[in-house]
Amino acid sequence: MTNDQRPTTNDQRPTTNNQQPTTIHSMDYPFAPIEPKWRAVWDQTGAHHTDLTKPGRKFYGLVMFSYPSAKKLHIGHWYNFAPADSFFRWKRMQGYNVFEPMGFDAFGLPAENYAVARGVHPGVTTADSITHIREQLQQIGAMYDWTREVNTSSPEYYRWTQWIFLQLFHRGLAYQKQAPVNWCPSCQTVLANEQAEGGSCERCGTPVLKRDLKQWFFKITQYADRLLESLSRLDWPRKTKIMQENWIGRSEGAMISFALEKLIEGWPDPSGSGFSYFEIFTTRPDTLYGVTYMVFAPEHPLVAEITTPKQRGAVETYIDSVHRATDIERISTEREKTGVFTGAYATHPLTGDRLPIWIADYVLMGYGTGAVMAVPAHDQRDFEFARKYQLPIRVVIQPPGSSLDPAFMDQAYEEPGVMVNSAEFNGTASEEGKSAVTRKLTELNRGRQAVTYRLRDWLVSRQRYWGAPIPIIHCDVCGLVPVPEDQLPVRLPENVKEFAPKGKSPLANLPEFMDVECPICGLPAKRDPDTMDTFVDSSWYFLRYLSPDRDDVAWDPEVTKAWLPVDQYIGGAEHSVMHLLYARFIIKALYDARLVSFDEPFTCLRHQGIITHKGDKMSKSRGNVVNPDAFVEKYGSDVFRMYMMFMGDYEQGGDWSDGGITGIARFVNRLWTLYLNHAEGAEEGEPSGDVRYALHYTIQHVTQDLETLHFNTAISRMMELLNGLLEAAVQPPPLSRGVGGISSGQGGIPGLKIVLDTFARLVAPFAPHLGEELWHMLDAKRKETDSVFDQPWPEYDPAALVRDKVTLVVQVNGKLRDKLEVNPDIDQESVVALAKMSERLTPYLEGKQIRKVIFVPGKLLNLVVG
RNA sequence: GCGAAAGUGGCGGAAUUGGCAGACGCGCUGGUCUUAGGAGCCAGUCCUGGAAACGGGGUGGGGGUUCAAGUCCCCCCUUUCGCACCA
């Protein structure tokens, strides 16, 4: 960015006498009548109703739908929705057929907790909230196609959520299993792993407990590799992709079989040796010779089988204490590792050594096989444990150029090195050793190459009322029986009195809900009392937006094929893992079932930043919540939304301050005043000179900035244009002013009409009501039903951006010493000649030798002298 | 501990490929109009010396590369976010 390109800078302008404005009537932009007027017109003309049967150049613009957990739309919603709408409106003016839907993620704990707190049925409070929020949403003036609104808590919607569950069930992707799961004692329900990050409930912050319960899972782990692999095809923030990668947590290594010293029923004995085998996963098969003991997770099913009578008491006491600990305590890395010996031994697959088997809480049942080989010399956790319980430490990887003595080690050596004490592998580099050892184990049928993931299956059942009932019937004879599709939806009973959480689903206490006939055998059977995780609802809402009224299918295949995937998805980064990963999984599963023709739902994703207030996240408890309504009422919706865009980088977020909004209000007033005074009778014809340059400069930059969601700088560029126009229109400046300014050379501005028409179109996506109003002010013949949003987005003419004079910076020894007004394609020789003549440069050049000349055409000359 | 991003005036924030640091806005100062001004308009506003012209310094700290560094490299500090015994 160089000054000479700035349309409004005029640093060489001579001071002029103050000339009083003659035509400016200062008055405030009357948003109060104007904004509702245009909203009514848009409603009337169906301006925001997208004809989905004629996609044309389609553009599916999506924001994360709102969560009616309270009655109010908060500033975070505005910050997500309003700038996103500006982007989508711009797309529309670029000629895209834009579809911008809105709906309500109305099921779930927050909505239910809100209802419970007030003793009212969640259906009532939700409907109430939706009514209020919809009104507030309408104030934004966004292009929402309200004819396609969805509400995930309506039977018309959750019927199809249940249908999707059944599709997964039929494909073996929805299954029930008994497992230690996260239990939130406050919400009285189980949670998915993603919702219990760090051991606390994602909703209420309560530490979660482990409970062994039978629950429904979606087999997302089956898609781990594909979820990982197709990330590379997505235009998503790098950070979001990394988070998903980390969450999936692929790691390569080996599965290795260790023999027990006895035979246990149900456990493999492939060699018929009379001993059972168990597997462990390791990423370091090269350290296999350094194993000195084995560790099982306390929950490991073999523990009960192998524990010797002598150790039984200690083992049981230990397991008990582990179960009482919350996950927070258990996973804290601060805490010293604890464990206990089981009395049992395993046999090393290569050396035949006896290895004591311990249980310890640092081994997690949910990862790998729930058992590990312990190599204290080369794994810090094993090292700490071995030191504490005086277990042997055996060095098998030697660091380059030195040797390790276990007696003097104060931490494990985890880096690569050379294998030692490893029989035939001695001297092998550890990296190479990984595959060499795995190969040997494979030959001996005692191991294999393997990949494991951190990702766990998605636990989807919830012991709560306000959700979509799981469409499964439990029959003593037939087992798990899917509810026949023609019987969907399984309606959530409405006349429930006690929906507060009690540890099991409130539905379990309703015989009229629970008791059914088995659809297969006709005998009495029970419904599943649990409801689905809300993230199931939100994993497919973008499909339903396209066919919200269809009661024969979940979505219209033709329309879906034409409109999806979503072209631009905008929402909070807090959904980087959960919602976005779940939705990707559901879409891939539906793709495999040939129910959709795309396997990634969101081609391009961006996150808005977070708006803080006084440095903190806004929250009721901090008392720093900014109420958008107050500002909308005072300044109007356009000013409010533009200020949010102007505050800073959209993807960065920022700190709210009341003061700054006046800057935008002034801008809008000044712009409005300009049109008020000049719209009528503005000079026809083509703009020329500096005005033409400034206009095209603005078009270029606003366009570029919108492309990258840099709303703040786009608005700055428009402010510069306005400042320049006001100066030119109000005070015809002397001819001699600097190149940067707008000068007409006469009283008026030639081509002002075109300038104003273009400006109205530029500002329209940012301030839709204002844009519409300004555009209509320009031509009395324009009907109310004509819309600026049906006008083409202005295009800049590169020729208009070519200047006949540019400011060339002259440096001496890298320091700025002069500026020259020159022809842009002037050559080095001429510039040096000009520089030598410059009086300002004389003191720096006199008596010196020019040793080097650096010339950047049209920009800079640097003379190195000495 | 690991991973990612960021640190620029009183404040929010701008600055293609390294090429005029501080655009735009808030706030502040002075002026103007006014019964009044917390409205509008005009001028000024990184720090520092100077009446000015014009100098000197300056993008978290330290070093380096370069004619030239907010931007590239190395070390350090701080903040935010994410993950956190994942074998």
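Throughout, protein chains are lettered first and strands after them, A, B, ... in sequence-line order, and every chain is numbered starting at 1. This structure is a prediction, so every number in the text was calculated from the model and none was measured.
In this structure, the CZ atom of A:Arg817 is 5 Å from the P atom of B:G56, given to the nearest Å. Following rounding to the nearest Å, A:Phe855 (CZ) and B:C67 (C1') show an atom-to-atom distance of 15 Å.
Side chain of A:Val856, nearest nucleotide from B:G55, B:C85, B:G19: B:G19. For A:Val864, counting side-chain heavy atoms from C-beta on, the closest listed nucleotide (B:G56, B:A87, B:C67) is B:C67. Nearest nucleotide to the side chain of A:Asp361, out of B:A87, B:G27, B:C85: B:C85. Ranking B:A87, B:G56, B:G82 by closeness to the A:Phe281 side chain, first place goes to B:A87. For A:Leu860, counting side-chain heavy atoms from C-beta on, the closest listed nucleotide (B:C24, B:G19, B:C20) is B:G19. For A:Tyr844, whose side chain is taken as the heavy atoms from C-beta onward, the closest listed nucleotide among B:G55, B:G82, B:A23 is B:G55. Picking from B:G57, B:G25, B:A14 the nucleotide with the shortest atom distance to the side chain of A:Asn712 gives B:A14. The listed nucleotides are B:G57, B:G19, B:C24; the one nearest the side chain of A:Gln811 is B:G19. For A:Glu720, the side-chain atoms get nearest to B:C24 when compared with the rest of B:C24, B:A15, B:G82. The side chain of A:Tyr367 has B:A87 as its nearest neighbour among B:G19, B:A87, B:C24.
Taking the P atoms as reference points, B:A14 lies 13 Å from B:A23, given to the whole Å. The P atoms of B:G12 and B:U17 are separated by 25 Å, rounded to the nearest whole Å. A gap of 33 Å separates the P atoms of B:G31 and B:G13, to the nearest Å. Nucleotides B:U59 and B:A53 have their P atoms positioned 25 Å apart, rounded to a whole Å.
Ring geometry, A:Tyr293 versus A:Phe385: the interplanar angle falls under 30°, so the pair is classed parallel (tilted spans 30 to 60°).
No hydrogens or angles were tested; on distance alone, a donor-acceptor pair under 3.5 Å links the side chain of A:Arg717 to the base of B:A23. Within 3.5 Å, a donor on the side chain of A:Lys859 pairs with an acceptor on the base of B:U17, or the reverse. Between the side chain of A:Lys852 and the base of B:C67 there is no donor-acceptor pair of N/O atoms closer than 3.5 Å.
With rounding to the nearest 0.5 angstrom, the CD atom of A:Gln811 is 8.5 Å from the CG atom of A:Leu861. A:Met645 CE to A:Ile664 CD1: the interatomic distance, rounded to the nearest 0.5 Å, is 8.5 Å.
Residue-level contact check: A:Ser251 touches the backbone only, with heavy atoms under 4.0 Å from sugar-phosphate atoms and none from bases. Residue A:Ser576 is out of contact with every strand shown, counting any heavy-atom pair closer than 4.0 Å. Here A:Asp649 lies in heavy-atom contact (under 4.0 Å) with sugar-phosphate atoms only. Across all strands shown, A:Asn862 has heavy atoms under 4.0 Å from base atoms, whether or not it also approaches the sugar-phosphate. A:Arg666 comes within 4.0 angstrom of sugar-phosphate atoms only, judged by non-hydrogen atoms across all strands, and of no base.
For A:Tyr635 and A:Phe640, the distance between ring centers is not under 6.0 angstrom. Between A:Trp358 and A:Phe296, the distance separating the two ring centers is not shorter than 6.0 angstrom. In this structure, A:Trp656 has its ring center under 6.0 Å from that of A:Tyr643.
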Exercise. Where does RNA chain B pair, written as one dot-bracket string 5' to 3', with Watson-Crick or G-U pairs under 3.5 Å, ( ) inside the strand, [ ] for crossing pairs and | for another strand?
Worked result: (((((((..(((......[....)))((((((.......))))))((((....))))..(((((..]....))))))))))))....
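With hydrogens and angles disregarded, no donor-acceptor distance shorter than 3.5 Å links the side chain of A:His613 to the backbone of A:Met618. Side chain of A:Gln244 to main chain of A:Leu228: no donor-acceptor pair is present (N/O by atom type, distance under 3.5 Å, no hydrogens or angles).
With respect to A:Thr807, the side chain to side chain donor-acceptor pair (under 3.5 Å) criterion is satisfied by exactly one of A:Lys819, A:Lys859, A:Glu821: A:Glu821.
A glycosidic torsion no more than 90° from 0 defines the syn conformation; B:G55 lies beyond that range and is anti.
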